[in-house]
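What follows is a short report on a single structure.
Numbers here are sequence positions counted from 1. Just so we're clear, the structure is a prediction, and the values are computed from it rather than from any experiment.
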Amino acid sequence: MSEEQAISAVVHLYVDGMAFANEGALRKVFHPNASIVGNTEGAIEWLTRDAFIAAVAREGSAPPGTQPLMEIETIHITDDAASVKVIDEFAGARYTDYLSLLKVDGRWLIINKVWHRHA
């Protein structure tokens, strides 16, 4: 598997984890110290990995059989660091997510997520 394919697999698991409120999947793709940051209602929302997972769990799962929207627009890789721009949907809204990944112990993990919610 190429590095790009490995990163794409992480992004797929991330999007599925959000869509289906899968805590295990989200814990697998995010580094324990990851930050999730975006603007909401005129203020910066800065979440830890665990707070983000709790928010996803509160939102609940999409119905079984749902095909989550996921459009990977770019993947840039420099050795053990990467960035991904992905369009997805969560809780009925469309987002652009900018994911920073780092290869840790042979596995790609999301270290940081900066998001934009489309109007």
Measuring from [X]:[atom1] to [Y]:[atom2], what's the distance to the nearest 0.5 Å?
X: Glu23; Y: Lys28; atom1: CD; atom2: NZ; answer: 14.5 Å
X: Ile72; Y: Ser8; atom1: CD1; atom2: OG; answer: 3.5 Å
X: Phe52; Y: Trp115; atom1: CZ; atom2: CH2; answer: 10.0 Å
X: His31; Y: Arg107; atom1: NE2; atom2: CZ; answer: 9.5 Å
X: Leu99; Y: Leu109; atom1: CG; atom2: CG; answer: 12.0 Å
X: Glu45; Y: Asn39; atom1: CD; atom2: CG; answer: 9.5 Å

Could you check Lys103 against Glu3 for side-chain contact (heavy atoms from CB on, under 4.5 Å), going step by step and ending with a plain yes or no? CA-CA 10 Å; Lys103 197 168 193 181; Glu3 296 295 2; 2.6 Å; yes
Between Asn112 and Tyr98, does any side-chain donor sit less than 3.5 Å from a side-chain acceptor? no
Is there a donor-acceptor pair closer than 3.5 Å between any side-chain N or O of Asn22 and the backbone N or O of Ala25?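 The answer is yes, because a donor-acceptor pair under 3.5 Å joins these two groups.
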Backbone of Ala51 reached by a side-chain donor or acceptor of Thr48 within 3.5 Å: yes
Kindly give the heavy-atom pair with the smallest separation between Trp108 and Ala6, and that separation in Å.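 Answer, listing the atom of Trp108 first, then Ala6: CD1-CB, 3.9 Å.
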Ser61 and Ala21 have their tightest heavy-atom pair at N-CB, 3.8 Å
Below 4.5 Å, heavy atoms only, C-beta onward: do [X] and [Y] meet side chain to side chain?
X: Asp16; Y: Met18; result: no
X: Pro68; Y: Phe90; result: no
X: Ile87; Y: Met70; result: no
X: Glu89; Y: Tyr95; result: no
X: Arg27; Y: Arg49; result: yes
X: Ile7; Y: Leu101; result: yes
X: Ile77; Y: Glu4; result: yes
X: Val114; Y: Asp97; result: no

If hydrophobic clusters are built from ILVMFWY residues whose side chains come within less than 4.5 Å, do [X] and [Y] share one?
X: Leu47; Y: Val29; answer: yes
X: Leu26; Y: Phe20; answer: no
X: Leu102; Y: Val84; answer: no

Determine the sole option in Glu73, His118, His116 for which the side-chain hydrogen bond (donor to acceptor under 3.5 Å, both in side chains) test with Thr96 is passed. His118
Would you call Arg94 and Asp88 a salt bridge, taking side-chain N to carboxylate O under 4.0 Å as the test? no
Classify the ring geometry between Phe30 and Tyr14 as parallel (under 30°), tilted (30 to 60°) or perpendicular (over 60°). perpendicular
